[in-house]
There are 2 protein chains.
Amino acid sequence: MSSIAIPRVSFKAQMLKVREDAIIEAVNRLLAEKGFDAMTVDEVAANVGIAKASLYKHFPSKEHLAAAAMVRVMRQAQDFCAALALDASPLEKLRAATRWTMGLKLAGQMPSLPSQNSTLRATLIANRDYMDGLIEVSDLLGGWIEAAQADGSISPKLPAIAVLYTLYARACDPVLEFLMMNGQYNNDEIVELVLSTCFDGLNTR
Amino acid sequence: MSSIAIPRVSFKAQMLKVREDAIIEAVNRLLAEKGFDAMTVDEVAANVGIAKASLYKHFPSKEHLAAAAMVRVMRQAQDFCAALALDASPLEKLRAATRWTMGLKLAGQMPSLPSQNSTLRATLIANRDYMDGLIEVSDLLGGWIEAAQADGSISPKLPAIAVLYTLYARACDPVLEFLMMNGQYNNDEIVELVLSTCFDGLNTR
DNA sequence: GTCTATAATCAGATAGAC
DNA sequence: GTCTATCTGATTATAGAC
């Protein structure tokens with residue numbers, strides 16, 4: 001036996017991870033572009049450059065492909081939230097997280113899944129990584145919401161759960177696409193516009 | 001020839017209309033329940049109680065079925081807007097229209113179509129009735145928005161088009177379903193809650 | 001116009017060789 | 001694990017009798 005430290009992950013395992021990352025990235029892009037229903041497994045395979053049968057060696061179903069993409073964005077969300085300045089106010093953190101979410105969507109990197117599809121829902125709920133991430137992010141945002149309501153920046157009259165849902169919904173807000181198609185505003189302007197309508201409302205202040 | 005006035009529409013034509021109304025109602029319900037992709041033509045036929053081939057005698061494609069449902073809701077929207085009190089303020093009219101839209105969705109009567117589907121888009125755009133209705137409603141709402149910005153109730157800083165899109169987006173707001181699934185609020189409470197976050201914003205006023 | 005029966009196609013998933 | 005080739009089922013759409 002050599003005294004050189006044995007690598008924790010074998011070369012083979014690294015290759016596997018690289019391949020799977022490529023798959024998930026393609027899935028993520030296609031889900032953002034066309035949505036779950038319009039995305040075909042053939043497309044995914046073609047985009048990755050491997051055979052469809054090979055895809056199924058990595059992921060057992062189309063639903064699991066989508067779930068893997070969701071796990072990825074959830075991890076990105078966790079990382080973003082964790083990196084927020086500790087001294088920022090709760091409201092600023094909420095705004096930053098929402099801004100990040102909308103930026104992801106405008107960049108064509110936010111997967112869009114049909115909320116009604118029951119088998120897809122089941123696959124997501126059965127996915128430990130996804131659910132853990134979702135709960136962690138929800139707890140984090142929930143804490144900020146309560147703090148923001150306590151310090152008076154977010155309206156204390158609103159149920160915290162309604163605020164949370166409202167922020168999550170910015171991830172699939174069609175107003176973003178509409179304004180993008182409209183053409184008069186760039187992505188940053190669109191984000192600030194929707195952020196303003198979300199937090200400040202349509203009424204004059 | 002009898003002196004009795006000849007009916008404008010024949011019995012046969014009336015039967016046709018009744019049948020087509022039944023079809024459109026079924027389509028509308030299924031589109032609201034499951035969305036365009038998950039709705040199958042077989043289901044529609046089964047719900048109406050006729051053979052699928054008969055369906056295709058009335059509407060040449062699945063896309064045309066969806067378009068017919070959209071024409072129907074657009075007409076309902078026109079009727080609702082036209083029936084609004086003339087002396088109501090522009091803001092009150094906008095709020096009433098938004099409330100109506102969300103009520104329709106919570107009642108399971110708002111068809112949901114994938115905005116990315118290009119052939120569906122093409123069918124909708126080619127549909128004169130739909131486009132005319134859409135333009136009429138948009139002009140009406142657009143006028144109210146400008147009036148509300150002029151009288152200071154809606155923020156004049158926001159582009160009118162962004163306000164219009166924001167109101168339209170309430171027709172497919174996932175927050176409504178989330179809060180409904182959540183179970184602590186009834187439909188009226190949900191509508192008022194989302195109406196409040198939409199017009200007043202999340203921030204404390 | 002309505003029906004039964006069927007065509008035509010597409011997409012998710014798998015068999016089996018290497 | 002990757003490939004080619006194929007299966008299987010679902011779904012849109014139509015043929016043709018009545």
Side-chain angles (χ1 to χ4, degrees), chain A residues 9-24 26-27 30-31 33-69 111 113-114 116-124 126, chain B residues 9-24 26-27 30-31 33-69 111 113-114 116-124 126:
Chain A
V9 287
S10 67
F11 177 73
K12 206 168 145 190
Q14 282 186 44
M15 288 308 295
L16 189 95
K17 188 183 179 329
V18 168
R19 169 63 49 95
E20 295 199 340
D21 280 350
I23 294 173
I24 294 172
V27 168
L30 289 169
L31 282 180
E33 264 177 34
K34 355 180 36 166
F36 182 78
D37 290 314
M39 177 186 84
T40 71
V41 179
D42 290 85
E43 266 175 334
V44 176
N47 268 264
V48 179
I50 64 177
K52 183 162 55 165
S54 305
L55 215 55
Y56 276 95
K57 297 284 183 180
H58 292 276
F59 301 92
S61 75
K62 185 184 179 184
E63 283 76 17
H64 284 81
L65 282 173
L113 306 183
Q116 305 113 325
N117 185 325
S118 61
T119 80
L120 180 56
R121 275 189 87 81
T123 304
L124 278 174
Chain B
V9 286
S10 67
F11 177 73
K12 205 167 144 189
Q14 281 187 46
M15 289 307 295
L16 188 95
K17 187 182 179 327
V18 167
R19 169 62 49 94
E20 296 199 340
D21 281 349
I23 294 173
I24 295 173
V27 169
L30 288 169
L31 283 180
E33 265 177 35
K34 356 183 28 169
F36 181 78
D37 289 314
M39 177 187 83
T40 71
V41 179
D42 290 85
E43 267 175 333
V44 176
N47 269 264
V48 179
I50 64 177
K52 185 164 52 167
S54 306
L55 215 56
Y56 276 97
K57 297 282 181 180
H58 292 276
F59 300 94
S61 76
K62 185 184 177 182
E63 282 76 17
H64 284 81
L65 282 173
L113 306 183
Q116 304 112 326
N117 186 324
S118 62
T119 79
L120 179 56
R121 275 190 87 80
T123 304
L124 278 174

For residues A:L55 and A:A45, report the shortest heavy-atom separation together with the two atoms involved.
-> CD2-N, 3.9 Å

Main-chain N/O of A:A46 paired with A:K52 side-chain donor or acceptor, under 3.5 Å = no

Mind listing the residues from residues 36-44 of chain B sitting with a heavy atom below 4.0 Å of DNA chain C? Number order is fine.
-> none

Below 4.0 Å: OP1/OP2 of D:dA13 and any side-chain N or O of B:Y56 | yes

CG of A:L65 versus C1' of C:dA13: gap in Å, rounded?
-> 12 Å

Is A:E20 reaching over with its side chain to a backbone N or O of A:K17, donor-acceptor style, under 3.5 angstrom?
-> no

Rounded off to whole Å, could you give me the NE2-to-P distance for the B:H58 and D:dT12 pair?
-> 18 Å

Which atom names give the shortest non-hydrogen contact between A:S61 and A:Y56, and what distance separates them?
-> CA-CE2, 4.0 Å

Separation of atom NZ in B:K34 from atom C1' in D:dT11, rounded to whole Å = 13 Å

A:V48 versus A:A22, closest heavy-atom pair with distance | CG2-O, 4.1 Å

Interatomic distance where CG belongs to A:L55 and P belongs to C:dG12 [whole Å] | 11 Å

B:K17 NZ - C:dG1 P separation (whole Å) = 15 Å

For atom NZ of B:K52 and atom P of C:dT4, their distance in whole Å = 12 Å

Give the rounded distance in Å between these two atoms: CD1 of A:I50 and P of C:dA13.
-> 15 Å

Whole-Å distance between D:dT2 C1' and A:F59 CZ?
-> 16 Å

Quick test: give all pairs of protein nitrogen or oxygen and nucleotides 15-18 of chain D nitrogen or oxygen below 3.5 Å, distance rounded to 0.1 Å.
none

Are the side chain of B:K62 and the backbone N or O of B:M39 linked by a donor-acceptor pair below 3.5 Å?
-> yes

